[in-house]
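First the proteins, then the strands, lettered A, B, ... as listed; each starts at 1. Values below: all heavy atoms of this structure, side chains included; hydrogens, waters and symmetry mates excluded.
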Amino acid sequence: MNKTMLGVIDATKYIDTLESLTLNRCVAAIPFAGRYRLIDFVLSNMVNSGIESVAIFPKYQYRSLMDHLGSGKNWDLNRKRDGLFFFPSPDLNMPYEHVGAFEHFEQHIDYFLRSKQKYALICNSYTVCNIDYQMVLKRHIESECDITEVRHQGKSLEMFILETSLLLDLIINRNQTGYRSIIDVVRDHRHQLKICDYEYSGYVAVIDSIENYFAHSMELLHPMIWKQLFVKSRPIYTKVKDEPPTKYTSEAVVKNSIVANGCIIEGHVENSIIFRAVKVGKGTVIKNSIIMQKSQIGENCELDCVIIDKDVKVESDVALYGTVQQPFVIRKGTVQGALMNQ
Amino acid sequence: MLKKKCVAMLLAGGKGSRLSSLTKNLAKPAVPFGGKYRIIDFTLSNCTNSGIDTVGVLTQYQPLVLNSYIGIGSAWDLDRKNGGVTVLPPYAESSEVKWYTGTASAIYQNLNYIKQYDPEYVLILSGDHIYKMDYSQMLDYHIEKNADVTISVIEVPWSEASRFGIMNTNENMEILQFEEKPANPKNNLASMGIYIFKWSILKEYLEMDSRNPESSHDFGKDVIPLLLEEKKKLVAYPFRGYWKDVGTVKSLWEANMDLLKENCKLNLFDYSWRIYSVNPNQPPQYIAHDAIVTESLINEGCVVEGTVEHSVLFQGAHIGKGSIVKDSVIMPDAVIGENVYIEKAIVPSNIEIPNGTIIRPEQSFDEIILVTEELLEKQEPERMGSGE
């Protein structure tokens, strides 16, 4: 039974309120939890659930996503049979933006026609959790459902299981039925299909705004939440970087923080998330902040409630403040000098 | 097979018996080092960074961990269609089973592997040392000097020279004499166990050595003296940089501590010469609210709730509340309970240290403790008595 699902990740969605993090990347490629991208969670869940064929449907700014996924090797998806497929939208002007848009699927209908898997799992790219889809499938089959929607506390997680043949039907006949996406079908009650809910009770973070991104990142500092997301038997895979272990110098003070590899910490870091290969200079105090990959923070800086994107250089003696409600976001690749924000 | 200019042969069959229980179930090159690596990562990464893409790895002692670690070499970019890494275990021939009896016999028994690539030069390496070295520069030197054999040497303190294989050279760095652990050293250039041979010379002399029943089939003891006797051109290649033989518990500990120095000569953060390894793929490390972490190297997957001072923590290590880890090396997935005190120790992989345990050197400050299950059992009554 294990091999009978194929995975579809809809990475088309553009979210206005995440704009400062998505200038150079799609939502699926937003860095999260110190060393991951949002897509790592859904992709790893699929792989850990025995799915061996995954199709990714991106639309905007997918260069960094492709760079991240590569051949799929880090997820064990570089296969001769099945593996990882990448189906960018050929038409950026397709206006319909719901997750699971049939029009986009039809552009690559051969994938669905050729697939031998009996069931299809459709997911969005920005829901962070550690879920076993086999459990969902088991229930789907036992309850003889046509479509199962995964929910958390009553709210849709935009994860659907249905038979591949039904999905094909819906894609091909979309003009007759008027349903333009899987969500349209689930929300409508005029058809004869049996729609089921599956309540997932574990930890879930849906990243659909900067405030949410910040709040969910900070939640990871609670060990109880951390343990629900990072389970030894169901690891979250990501692109490996060959970074050395992180070095803490004699002046380092680190409290309640998540730190990835390859960092050099010489300052004070508290309640923060530090991504790979970040440098924190002497005398610098970082609190309640997220510092992404390869950013360099100079000496004697003061940062509170700040999100610093990749490759940012903060020169020495800079102070940057945001609030919990409105974290201050520094865009990728910029330089912050001491006199720039005065 | 396409012709290769230079093929590397990496001797990785050593038992490393002075590493005691650390090498009970694995070969010395597979011993963990530096918070993330295994010793062999340094040599394999040097090959990749030096542009050498054909590496035969000779294994013999406890090869399971090492074999599965090397895999098809993808961690070092050595999974190639032509060349790449090949693990070469001893094998049986129709007449007899041939164990590798010495370094030279190990290479001799794999001459067919080298022959496939019809190389001009063969680089012989050992998987026991921690260093970063550009072998392509050594090869250029070998070609420039038109040497038959080039041996990489490092200056050691005169006081320690009698512990090494010493090369006595003339002003042109030509080797006149090789002395294994001389009582009265005439020079302080120690062999690093890295050789570049002209392929034709290597083949000829290994065949000659194999026919000699008196030989112990060792490069240092037999093949090099034979070459000197025959007046071949042997040249020393002086290496300047960090190099350490981590053959004992103490030297393994020291090399780990070297990484914590402010101006460490072995820079792991040099992106132009990355040390590659099989990445454990664990979540980032979590440093808890009451933790204190200073002067340390900590890898992903660690959870620190206590104090870590001047120590190296490998992936998945867990330091419990109220515990103090000082001047120590904590290997992968070791779990240190609560209120534990550890000083100057190596804690091997997967060991669980119960709450309240105290581990520190008693007799002399020079001593490094290698924690074992037996040691922890002996500690049991003491712990009970301390009112834990």
Does the A:R35 side chain pair with the main chain of B:Q282, one donor and one acceptor, at a distance under 3.5 Å?
yes
So what's closer than 4.5 Å to chain B heavy atoms on A:T249: side chain, backbone, both or neither?
backbone
Applying a strict 4.5 Å limit to non-hydrogen atoms, the region of B:D333 in contact with chain A is side chain
Do A:E243 and B:Y271 have side-chain atoms, one donor and one acceptor, less than 3.5 Å apart?
yes
Checking heavy atoms, do the side chain of A:F275, its backbone, both or neither come under 4.5 Å from chain B?
neither
Quick one: does A:Y36's side chain get under 4.5 Å of B:P283's, heavy atoms only?
yes
A:N261 side chain reached by B:Q285 side chain, heavy atoms, under 4.5 Å:
yes
Hey, which of B:A288, B:G316, B:C302 has the most heavy atom pairs under 4.5 Å with chain A?
B:A288
Tell me, side chain or backbone of B:N281 under 4.5 Å from chain A's heavy atoms, or both, or neither?
both
Per side chain to side chain contact (heavy atoms under 4.5 Å, CB included), B:Y286 is matched among A:I258, A:L220, A:V259 by A:I258
For each of A:P235, A:G262, A:S257, tally heavy-atom pairs with chain B at distances under 4.5 Å, and name the one with the top tally.
A:S257
Could you tell me the separation between the CG atom of A:D242 and the OG atom of B:S45, rounded to the nearest 0.5 Å?
8.0 Å
Which bit of B:L313 comes within less than 4.5 Å of chain A, counting heavy atoms only: side chain, backbone, both or neither?
neither
Report which part of A:K232 has an atom under 4.5 Å of a heavy atom belonging to chain B: side chain, backbone, both, or neither.
side chain
Other residues, nucleotides and ligands only: do more than 12 of their heavy atoms fall within 6.0 Å of NZ on A:K279?
yes
Can you tell me which portion of A:Y237 sits under 4.5 Å from chain B's heavy atoms? Options are side chain, backbone, both or neither.
both
How many angstroms lie between CG in A:N271 and NE2 in B:H289, if you round to the nearest 0.5 Å?
6.5 Å
CD1 of B:I298 to NZ of A:K247: how many Å apart, nearest 0.5 Å?
12.5 Å
Identify which part of A:I236 has an atom lying under 4.5 Å from any heavy atom of chain B, answering side chain, backbone, both or neither.
backbone
Without swapping roles, check the side chain of A:R276 against the backbone of B:P284 for a donor-acceptor pair under 3.5 Å.
no
For residues B:Y37 and A:P245, report the shortest heavy-atom separation together with the two atoms involved.
OH-CD, 3.9 Å
State, yes or no, whether a side-chain contact exists between B:V308 and A:Y248 at a heavy-atom distance under 4.5 Å.
no
Contact leader toward chain A among B:E305, B:E295, B:Q315, where contacts are heavy-atom pairs under 4.5 Å:
B:E295
